[in-house]
Amino acid sequence: MKQEHAPGEKNIRKRVWRIVGILLACALGIAAALFLIDGRHVRFYMTGGTEISVSYGQPYEDPGCRAVSVGRLSGEGETELPVMVSGAVDTETLGSYELCYTAHCYLFDYSTIRTVHVVDDTPPEIRLEYMEGYTPNWFTGYEEEGYTAMDDCDGELTDQVEVFLYEDRVEYRVSDAAGNVAEVVRPLEYTVTRPEIQLEGGEEIEIDAQFAFSDPGYRAIDSLGNDLTEFVQVEGDVTAYREGDYTLQYSISNQLGETVSATRTVHVKSVSAPETIEPEGYVIYLTFDDGPGIYTGQLLDLLARYNVRATFFVTCLNPDYEDMVGRAFREGHSIGVHTASHNYYDIYSSEEAFLADFNRTEAMIYRQTGSYTKLFRFPGGSSNTVSSFNPGIMSRLAQIMTDMGYCYFDWNVTSGDAGETTETKTVVDNIIGGCAGRRVSVVLQHDIKDFSINAVEKVLSWGLRNGYTFLPLDTTSPVTHHGIRN
Ligand code: ZN
């Protein structure tokens, strides 16, 4: 028999299942929609940032990176996700490296990148070497004791070091390829070897006016005992024959241009003139210029015979008779300088020329007599105008010669033997006429002229007979100056 089911019961069961199915499908759809809306993914927290720098050669320690899952609706997960790091940083090689951080969430991998720059930010190192017992020398300069420069990245940089030498230090500077600069200073103590200039005779000296200045000397010694005297430069001049104050600068400079100096003041004082002593009675000073010469010996014989002393103003023009100067001196006659060359245009061209000529004659006199003389007679006399090609030269020469203590003599009785006559009788008459009645006569003759020498005996006998005294000139004798005209 066929079992009958009530149709209402079967339909109800079917309907229930359908409703359940629909409800499940709805729940799944809602869940999927919520998941999509939530958008769950990974969030990274990078300690130190996405770009960091690390020094060359230093170990790289990653500052770390955290990862958590996060959704729009659900927020951050409470547990951290494991993070995988890939990539490497080689700090022995400059450059930029990328590190990749990866975390897994549900079905997907998420990653982020960090860039690491390996940079050279360390300056090179300069090492100074020191020489045992070395002291820098002020004069010769600093002798480099040595140095090295190393850069941890670029290697040795010694030959790129710039060296700057200063007065009190040496500066060393070098930069590496990345522009990091190293600077080292080596202090110098040059000053300990700075020399001192010692002036013999002191910083102030006083000298009598004289032909030429002779420096009393100086020395430059440094504290190491080095004698640097030969490097001393002397500036300034002393016109030793002219009264005045002169400054001499002694200095020594080193390679840095530093100078040590000393100053000397030279006071040139004129020699005080000896006082003139007026001779007593009637006096005749016979003076003979331009010798010695061929007749000088004969004249000396005559004077010796009469026991009379005269004065010879000598030249260097007749070297063969120079010994007559010595003989005259030994026989009590006075010797004075006349001139070596008797060349007006030379000797009056300058003070220096005059003094050079004068020196030659003085040297000859010294050779013959063993002593110098303070007596002289200007060629042409002090009143000459032949020197007017050099205006004022006679005034200047008279001044400097007087300052040096020399006495120049002119004459007040002329014999006429310089051109007026060549007759002995006229010479005799001129001299006797000039001397007669004169308290002090200075007679000018030339002992290179025989007609003039031949007049002397008559003059002597006349003078001695008439109470005149014949004397040689000395520095106290009356000078009978003509008066300077140039
Ligand atoms: Zn003369």
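Source: prediction; values computed, not measured.
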Ring geometry between Phe376 and Phe358 (parallel below 30°, tilted from 30 to 60°, perpendicular above 60°): perpendicular
Distance-minimising heavy-atom pair for Ile484 and Ser395: CG2-OG, 3.6 Å
Main-chain N/O of Glu258 paired with Asn254 side-chain donor or acceptor, under 3.5 Å: yes
Residues Asn486 and Ser388: side-chain donor-acceptor under 3.5 angstrom: no
Separation between OH of Tyr295 and CE of Met324, rounded to the nearest 0.5 Å: 14.5 Å
Within-4.5 Å side-chain heavy-atom neighbours: Phe288 and Phe313: no
Step-by-step salt bridge (Lys or Arg N to Asp or Glu O under 4.0 Å) determination, Glu145 to Arg186: CA-CA 10 Å; Glu145 294 171 88; Arg186 185 201 298 270; 3.1 Å; yes
Minimum heavy-atom distance Arg40-Tyr106, with the two atoms named: CD-CE1, 3.1 Å
Audit row: His446, Asp417, side-chain hydrogen bond (donor to acceptor under 3.5 Å, both in side chains) steps and yes/no: CA-CA 7 Å; His446 297 82; Asp417 71 354; 2.8 Å; yes
Side chain to side chain contact (heavy atoms under 4.5 Å, CB included) assessment of Leu355 paired with Tyr241: CA-CA 9 Å; Leu355 293 176; Tyr241 53 74; 3.1 Å; yes
Donor-acceptor pair between Thr229 and Arg219 side chains, under 3.5 angstrom: no
Validation row: Phe329, Ile365 side chains within 4.5 angstrom (heavy atoms): no
Exceeds 12 heavy-atom contacts within 6.0 angstrom, atom CD of Glu129: yes
side-chain hydrogen bond (donor to acceptor under 3.5 Å, both in side chains) assessment of Asp357 paired with Thr339: CA-CA 6 Å; Asp357 177 88; Thr339 170; 2.7 Å; yes
Flag side-chain contact, heavy atom, 4.5 Å: Ile205 against Arg264: yes
Donor-acceptor pair, side chain of Ser334 and main chain of Leu473, under 3.5 angstrom: yes
Test item: Glu243 side-chain N/O and Ser270 main-chain N/O as donor-acceptor pair under 3.5 Å: yes
Salt-bridge criterion met for Asp323 and Arg330 (N-O under 4.0 Å): no
Nearest heavy atoms of Asp474 and Leu375, plus distance in Å: C-CD2, 3.8 Å
Expected output: side-chain Asp208 to main-chain Val271 donor-acceptor under 3.5 Å: no
Salt-bridge contact Glu125-Arg127 (side-chain N to carboxylate O under 4.0 Å): yes
Tyr344 and His342 aromatic centres sub-6.0 Å: yes
Heavy-atom side-chain proximity of Ile52 to Tyr60 below 4.5 angstrom: yes
Residue pair Val442 / Asp410, side-chain heavy-atom distance below 4.5 Å: no
Value rounded to 0.5 Å, distance of CD in Gln445 from CZ in Phe312: 10.0 Å
Exam field: side chain Asn226 to backbone Leu228, donor-acceptor pair closer than 3.5 Å: no
Gap separating the CD atom of Glu362 from the CD1 atom of Ile335, nearest 0.5 angstrom: 12.5 Å
Close side-chain approach of Thr91 and Tyr56, heavy atoms under 4.5 Å: no
Rounded distance [0.5 Å steps], CE in Met150 versus CG in Leu157: 8.0 Å
Ser253 and Thr259: side chain donor to acceptor below 3.5 Å: yes
More than 12 heavy atoms from other groups under 6.0 Å of CD on Glu235: no
Check: Gln399 side chain, Leu397 main-chain N or O, donor-acceptor pair, under 3.5 Å: no
Aromatic ring proximity, centroids under 6.0 angstrom, His338 and Phe378: no
Beyond-backbone contact of Val54 with Val116, side-chain heavy atoms, under 4.5 angstrom: yes
Short side-chain donor-acceptor distance under 3.5 Å, Asp109 and Thr102: no
Enclosure of Tyr130 OH (heavy-atom neighbours >12, cutoff 6.0 Å): yes
Distance-only side-chain donor-acceptor flag, Tyr172 / Glu144, under 3.5 Å: yes
Sidechain-backbone polar pair: Ser350 side chain, Ala353 backbone, donor-acceptor under 3.5 Å: yes
Heavy atoms from other residues, nucleotides or ligands near CD of Glu352 exceed 12 (cutoff 6.0 Å): yes
Sole candidate of Thr115, Val89, Val119 that passes side-chain contact (heavy atoms from CB on, under 4.5 Å) when paired with Ser96: Thr115
Interatomic spacing from CG in Asp403 to OG in Ser272 - rounded to 0.5 Å: 11.0 Å
Distance-only donor-acceptor check, side chains Asn390 and Ser387, under 3.5 Å: no
Phe409 six-ring centre to Arg377 NZ/CZ under 6.0 Å and within 45° of normal: no
Heavy-atom neighbours of Glu167 CD exceed 12 at 6.0 Å: no
Main-chain N/O of Gly64 paired to Arg114 side chain as donor or acceptor, under 3.5 Å: yes
Arg309/Glu331 salt bridge by N-O under 4.0 Å criterion: no
Validation row: Met401, Phe354 side chains within 4.5 angstrom (heavy atoms): yes
Spacing of CG belonging to Asp176 relative to CG belonging to Asp152, to within rounding of 0.5 Å: 8.0 Å
Residues Phe44, Tyr101; criterion ring-ring contact (aromatic ring centres under 6.0 Å, His included); working and verdict: CA-CA 9 Å; Phe44 290 97; Tyr101 302 83; 7.5 Å; no
Residue Glu189 excluded, over 12 heavy atoms near CD under 6.0 Å: no
Glu92 atom CD, over 12 foreign heavy atoms within 6.0 Å: yes
Ser251 and Gln233: side chain donor to acceptor below 3.5 Å: no
is_close_aromatic(Tyr406, Phe211), centroid dist under 6.0 Å: yes
Cationic N near anionic O, under 4.0 Å, Arg367 to Glu322: yes
Of all pairs that satisfy ring-ring contact (aromatic ring centres under 6.0 Å, His included), the ones with a partner from residues 381-404, not counting sequence neighbours: Tyr345-Phe389
Backbone N/O of His267 and side chain of Asp245: donor-acceptor pair under 3.5 Å: no
Passing option when Asp289 is tested against Ile448, Thr315, Leu444 for side-chain contact (heavy atoms from CB on, under 4.5 Å): Leu444
